[in-house]
Structures are given as structure tokens and as C-alpha cells.
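Just below is one structure, and these are the notes that go with it.
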2 protein chains.
Amino acid sequence: MTIHIAQQGDAAVKPCNHDYQVNCGNCRLNGICLPLALESDDIQQLDDIIQRSKPLQKNQHLYREGDHFQSVFAVRSGTLKAYKTTDDGREQVTGFYFPGEILGMDGISNNAHASSAKALETAAICEIPFVSLERLSALMPNLQRHFFQLMSREITEDQQLITLLSKNSADERVAALMLSISGRNARRKLSATQFRLPMSRVDIGNYLGLTVETVSRVFSRMQKMAVLRVDNKEIEILDPAGLRSMANLGS
Amino acid sequence: MTIHIAQQGDAAVKPCNHDYQVNCGNCRLNGICLPLALESDDIQQLDDIIQRSKPLQKNQHLYREGDHFQSVFAVRSGTLKAYKTTDDGREQVTGFYFPGEILGMDGISNNAHASSAKALETAAICEIPFVSLERLSALMPNLQRHFFQLMSREITEDQQLITLLSKNSADERVAALMLSISGRNARRKLSATQFRLPMSRVDIGNYLGLTVETVSRVFSRMQKMAVLRVDNKEIEILDPAGLRSMANLGS
DNA sequence: CGTGCGTTTGATGGCAATCAATTTATGTGG
DNA sequence: CCACATAAATTGATTGCCATCAAACGCACG
């Protein structure tokens, strides 16, 4: 069984046979990913159900809205975006997924994926068949609890976004996203102040309920205020405190 | 052990000792609530862990943001709203909960409730201690799956709201909410075309990212277009097809 | 070097927020 | 039960933020 990759309209898949020997035990993300809070022999069992396959190329889909739901996925490297398509053809980006994060959980309720997921850059993925995960969860209380927590976190993050979209200005939304990315980098022991945005301005705007032009203007403004240094996709946070006060967030 | 009811600032609780003999087996909501998909002896076990206590009065809190998380809750009668408070004091309503629906799942991730929940009218609640639910879930695959599905549905509904807030006009948002309430009424075998809104205009606007004035104007407009009949909180959907086309939703 | 895409910047307009005032519901004490 | 007080909802006038329209710029690529 391999990762289900929708191929219509996607770039051809380049075979790649190295670097498949990763396992949960030696993965450097196991402190923030699913294996967190498992004993080493439990990790082995989890590892046994996880499928790894060739990396996704940029713009390839991991799954599409409406696809039969079979697995959730962990990002090992690269970044993905999840998005829904409204029936008048517009897109709504519902989330970005960085290494160590889990996606696909919105497919559980209807046995069909409620959103599409595509790679923003080359990405390595761990596939976790859901029936196996359910079976293991029933046997390993820690795993069950951890997965409940992951789903709950997805809910709280979506609610955070709801609040952002409903209550905050364009400046605040962009600032909040920069802080979120910064924090997630820090969790992976990367720089919290300097990073490269994996997504386009269009995606940022779409996620934040803004147009590209507005996003661009906000970046310009922040640069003029010396809060951020923006060089295309390269971001440097010059004034973290200023950025936080600009974000003006709850919690 | 009783329901944890925060009482500061709330109306005094009137004791009420009748009507506590409901159980999951005879509850008329068991076709849409947690017991769904359980065998009758499994239902008995679920019933044993569920706590029922005196009804919540209007404006009383079921739990508050930051409270220690201990249980999820099912609504047996009445309506609740969930909301977050931003640190500059504003509220964001994140959901309305009708009979048969489950709330409180956003508290799992941090062992603390991520939002507050208060009754919009007198409400009867079933409390489901989470540790017991976890234990039972490990023993009953159907229950585990059903609860995963409930959480997943919460995620997809939040994503629906995200899309609504990000992409739709005031008219579309209000239309979508009316359709949502209509559908949820239908699920409970109530009228899909005639109902009483349990929440105020302020709450509606807050939930939809609009001001009270805008909500009121939209209702007036819809009434003028003969799509809705609005008499304060009494709503009649005169033209369901028109309302749907007005909502202009994805999926 | 031209083509195309992503990004930036500028000018204008529209939708919903804000401010303000009135009307209608709700609730309370005499 | 009515008079009063308070809260909720409606309607109107004006403002402001961000979308839209338009054009130029930079960069990657063939």
C-alpha cells in the first residue's frame, strides 16, 4: 500500500529511492509529532503501521476534497497547505502544515476528505492508516489521549483563526501569522526571527481573508516601521515585541 | 460529583428535582447524540458514566475559558453559546449548541477549556467525564470511532465558518446561519421553516463577524424580499430555495 | 532577450462599521 | 396591572478600511 497521490494535472512524480530508512524512533521530530509520550516499544508498534513513500513535489496533491478518507498524515519535511474549494470556484486556505504537524483529521467525520492538501515545496510525508491508528489507540491509552489532544488542538487553532478573521484588522492578521510561523519554527529548534516563507502572498491573503495587494501593503508598512525586514519570501523579525503588540491577540 | 457550575455573577440556581430520570436508552435524542451506533448493553455502560444534574438557568455558565477540563457535555434541552474572550475584552462567539450536540471538546488539548459556554435559555445538560469516556472508548471501538468523528465534525464545521467569514458577504453569512439552524431543527424532527432564535442579534453578529446593525439590516432586507418573515426572534423561512441561493455556500 | 508569473504600488469605489437617534421589547416595583 | 426603567432591535447618516481596478516592476525561465 502506498500513499494515495492524485496525479491528474500534477507534475510527473520523480522516483527517489534514498532516505526512506527514517523511523519514528530516530526521527528528529519525534518530540513534537505523534510518537510524543510513547514508550520505546510502543513507538516500535506505531512505527510498524506508518507508511513512508517518495516525497511529494511542489504543487502535488497529498489528497483532494472528496477523496475517500483512509489515513492521516504527518509532515516530515517541507510544507503543505490545506484548502477548501467553494462551489463558485474560489479557494479558502484553512491551514499550513509544517514538519512534525498532522493533517487530514477533518476527513474522519464523513470518511471523505473535507479539504485538499498540496505541497508548497518538496515534502516528505508519513502516512498513518486510520484503521490501524484506531486499533493501536484502543490498546495504548497514551496514544489515544495524544490523538484526542491533536484533534482538539486543531479545533482550538481553527477557533483562533475564526476570531482573527472576525475581529482583527489586516495588520493584526498578518502579524499574527508571522508570530505563529515564528513560534512553530522555534518548536523545531529553528530561528524564531529569521525564516523563509514557504507560501505565496496569494496563499497568505487567502488564509487571512485578505487580498494579495493588502498583504503586500501590510508588509511594506511593517518594513517602514522597522518591525520586519521583508525580502520577497525572506522574513526577519526586527522587533518581536512590536510585532506582538501589533498582533493584539487574545490568549 | 456534580456539574461544575461557575456561579460568580450568575443568577441564583433554583433547585429542581424532577425530570432527572432520563437515560441514554430512553432519551429521544439518542439517534443524533453520543449513543448513536452503540448496542443497547453498551449504551447502558455509557449511561453509567454520564452525570445529570439540575438545569442551567439562562446566562449561567457551564464552564469558563481557562477552567480545568474534566468533561465534555451533551445538550439535552435548551441552547448554549460558546465564546472566547480576547485580551482586550471583546468576545468571539465560536458556536451555538442545540439539543443532541456535544460541546467542550476544545478543552482536551490543554486540559483547560479554551472557550466559555453559557446558556442562552434554561438548558438541561449531560456531563460526560472525559477519563471515563476515554476508558470506555478503548473498550468499545464503535464509541471510539464515533467520538473521533464528532471531533472531526467540529473541525469541519469550524472550517466552514472560517470560509464563511473570509469569503462571504453579510447577506450570505446570515442566510447560511438560518439554513444551519433550519437543518439542525429538521434533524430533531422540528420544523425546518419555522422556529424561534434562541440567541440575540448581538450574538448572531458576533458569531458571523458582523455588527448588530448589519444583522438587523440584513433581516429587514430579507423580509422585504419575502425570503424570510421576521418577528423579533420568530423566524419563518418563506422561500427556502431563495435563501439557499442567497447563502451561496460551498458543499 | 522576451515571456510570464509573483509582487509591489497607486487610484478609486463599495460594503459594512461607526455614530446617533428612535422604536420596540423586557422586566420591576408600586 | 400599569408606570417606569432598562435592554434589545431597528433605521438613518457618515466614515473608513479593504477590495477592486490598473499599471509597473523584478525575477526566473526557456
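In what follows, every chain begins at residue 1, and chains take the letters A, B, ... in the order their sequences are listed.
Residue Arg173(A) contributes atom CZ, which lies 9 Å from atom C1' of dC18(D) at whole-angstrom precision. Whole-Å rounding puts the Glu172(B) CD to dA16(C) C1' distance at 14 Å. Look at CG on Asn168(B): it is 14 Å from P on dA19(D), rounded to the nearest Å. Following rounding to the nearest Å, Leu197(B) (CG) and dA8(D) (C1') show an atom-to-atom distance of 14 Å. For the pair Lys224(B) NZ and dT10(D) P, the computed distance is 13 Å after rounding to whole Å. Atom-to-atom, CZ of Arg217(B) to P of dT11(D) comes out at 9 Å; the value is rounded to the nearest Å. Summarising the geometry, the separation between CD on Glu213(A) and P on dT7(C) is reported as 12 Å, rounded to the nearest angstrom. As rounded to whole Å, 7 Å separates atom P of dT10(D) from atom CG of Asn232(B).
Side chain Arg221(A) to base dT9(C): no donor-acceptor pair is found below 3.5 Å. Contact of Arg201(B) with dT11(D) (side chain to base): no donor-acceptor pair of N or O atoms is detected under 3.5 Å.
The side chain of Arg196(B) approaches dT26(C) more closely than any other nucleotide in the set dA19(D), dG10(C), dT26(C). Here dT7(C) is the nucleotide among dA17(C), dT7(C), dC18(D) with the atom lying nearest to any side-chain atom of Lys233(A).
Put simply, Ser216(A) has no side-chain N or O that comes within less than 4.0 Å of OP1 or OP2 on dT7(C). Not one side-chain nitrogen or oxygen of Thr214(A) sits closer than 4.0 Å to the OP1 or OP2 atom of dC17(D). For the pair Ser220(A) and dT9(C), the criterion of a side-chain N or O lying under 4.0 Å from OP1 or OP2 is met.
Residue contacts shown for Gly209(B) are limited to sugar-phosphate atoms, with no base heavy atom under 4.0 Å away. The residue Ser200(B) sits close only to the backbone: its heavy atoms come under 4.0 Å of sugar-phosphate atoms, none of a base.
Two residues, Val215(A) and Asp231(B), neighbour DNA chain C, and the one matched to the more 5' nucleotide by heavy-atom proximity is Val215(A).
For Thr85(B) (side chain) and Gly89(B) (main-chain N/O), no donor-acceptor pair under 3.5 Å exists by modelled atom type.
Between Glu234(A) and Arg196(A), at least one side-chain nitrogen of the basic residue sits less than 4.0 Å from a carboxylate oxygen of the acidic one, meeting the salt-bridge criterion. Using a cut-off of 4.0 Å between Lys/Arg side-chain N and Asp/Glu carboxylate O, Lys81(A) and Glu91(A) are scored as salt-bridged.
Ring centers of Phe73(A) and Tyr63(A): under 6.0 Å apart, within the cut-off.
Within a 6.0 Å sphere centred on CZ of Arg221(A), heavy atoms belonging to other residues, nucleotides or ligands number more than 12.
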